[in-house]
Amino acid sequence: MNRRGYFGKYGGQFVPEFLYPALTQLEKVFWEAKEDKEFLEEYDRLLAEYAGRPTPLYFAQNTSKLMGCRVYFKREDLVSGGSHKLNNALGQALLTKYMGKKQIITETAAGMHGVATSMAANVIGLSCNVFMGVKDIERQKINAEKIKLLGGNVIAVTRGSGVLKDAVSEALVSWIRDLPTTHYLIGSAVGPHPYPTIVAFFQKMIGDEARKQILKKTGKLPKTIIACGSGGSNALGIYQAFVKDKDVELVFVEGGGTSLKGTHHAAAFKEGSVGIFQGAKTYLVQDDYGMDRKTESRSAGLNYPARGPQLSYLYKMGRLKACVASDKEVLEAFEKMGKLEGLLPAFETCHAIAELIKRRGKYKKDDIVLLNFSGRGDKDIDTAIKLRI
Ligand SMILES: *Cc1c(COP(=O)(O)O)cnc(C)c1O
């Protein structure tokens, strides 16, 4: 083990030795690419013309009235494909091309990352295999179909509980088989070094844009930034531009609390501990033997048992405040946003909104709260209808 890729004591490369060459090559190409004018120009062009960046910063007037302060949404739901995930998928797909590899593999839960990866692979001219747990395919039928329509191959994973972490394991096996020609495109700020660093880099425009936009609109920085998350890609995406501003409170909302079914929770900060998971030392929900416990959050996108190493570090340092939202609160937030703002957020995003609503009346009139509106909720409408009594 070397000390590269650590955030405090979190991160690292806990992988079998034969993966090192692929990770080393990825790291090398990434460090070159992020300084390469041609690479950055091509990335920026795709972000602007294909993904639809910069995304707007929306002054949520009705939510502001309800809250008693000024609330702004960073509209990542307007990124093509419906969430922030395309930002990272485009970046890594371009890296794949720069490495001279022809194929991308990945895994997906809610399907959003699979959709984004298929889009990115397609536009950059790469083939794409998406591993998806059978339970998640069942929960997210439309997205599974969408992946196929966008030129990707969906590979159904039956082992384990047929959810995200099983799809990750299966994708890893496939990667090892085709290492020289294949890039494993990880969708969040998790996994072995250099992935957390790469994903955070390819999401950092969220905060860079938001910072400029909020200063232009209001002349000051937000009091609080709220983001939902699992691995933390959208959260780090918006936090990075504000981490050094000690007066800006950073709030992270994970799935958990009382589940509607009374089953396990996915709250790795609130209820988990530090362990090794999928290549990195990080916070996760685990049992006494260091095995990850089965998690069950209503939103498939937050049903991942681990937080990323950089997020874990910010949490441990006290820079980040962690909260949980229950499935019930998430559903209430979903319904409230439709009526209040005419927006249907992804269930993941509803975690952040639920925390926002809990803070009603706690701010002064001129305080600014910035919420990362990570995705749209089309994929969750079916579930919302079924859960309504
Ligand atoms: C995937 C997803 C998330 C969670 O992923 P992070 O990497 O933690 O950001 C949040 N919101 C939406 C809309 C998503 O699709």
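FYI, the numbering just counts along the sequence from 1. Note that ligands are numbered from 1 as they come in the structure, with each ligand's atoms numbered from 1 the same way.
- Short contacts between ligand 1 and G231, defined as distances under 4.0 Å to a heavy atom of the residue, involve ligand atoms 8 (O).
- Ligand 1 has H84 within reach: a non-hydrogen atom of the residue lies less than 4.0 Å from it.
- Taking the six-membered ring for Trp and thresholds of 30 and 60 degrees, Y98 and F39 have ring planes more than 60 degrees apart, a perpendicular arrangement.
- Here the shortest heavy-atom distance to atom 10 (C) of ligand 1, taken over E348, K379, M112, belongs to E348.
- Using a 4.0 Å cut-off between a side-chain N of Lys or Arg and a carboxylate O of Asp or Glu, R75 and D77 qualify as a salt bridge.
- Applying the 4.0 Å criterion to heavy atoms of A346 picks out, from ligand 1, the atoms 13 (C).
- Using a 4.0 Å cut-off to heavy atoms of S230, the atoms of ligand 1 that qualify are 8 (O).
- Interface of G375 with ligand 1, defined as ligand atoms under 4.0 Å from a residue heavy atom, comprises 13 (C).
- Side-chain atoms of S312 never come within 3.5 Å of backbone atoms of Y10 as a donor-acceptor pair (strictly under, hydrogens ignored).
- Salt bridge K141/E138: present, at least one basic N to carboxylate O contact under 4.0 Å.
- Any N or O atom pair closer than 3.5 Å counts here, and C228 shares no such pair with ligand 1.
- Each of the following atoms of ligand 1 lies closer than 4.0 Å to a heavy atom of G229: 8 (O).
- Interface atoms of ligand 1 facing S233, defined by a heavy-atom separation under 4.0 Å, are 6 (P), 7 (O), 8 (O), 9 (O).
- Taking a 4.0 Å cut-off on heavy atoms, H113 fails to register as neighbouring ligand 1.
- Geometrically, R307 does not engage Y315 in a cation-pi contact, judged by NZ or CZ lying under 6.0 Å from the ring centre and within 45° of the ring axis.
- Per-residue contacts place S374 under 4.0 angstrom from the following atoms of ligand 1 (heavy atoms of the residue considered): 10 (C), 11 (N), 12 (C), 13 (C).
- Side-chain contact, S374 with E348: no donor N or O sits under 3.5 Å from an acceptor N or O.
- The two residues L236 and A189 make their nearest non-hydrogen contact at CD1-CB, 3.7 Å.
- Remark: the E254 side chain and the S230 side chain contain no N/O donor-acceptor pair separated by less than 3.5 Å.
- Here K85 has side-chain heavy atoms under 4.0 Å from ligand 1, and that is the only part of it that gets that close.
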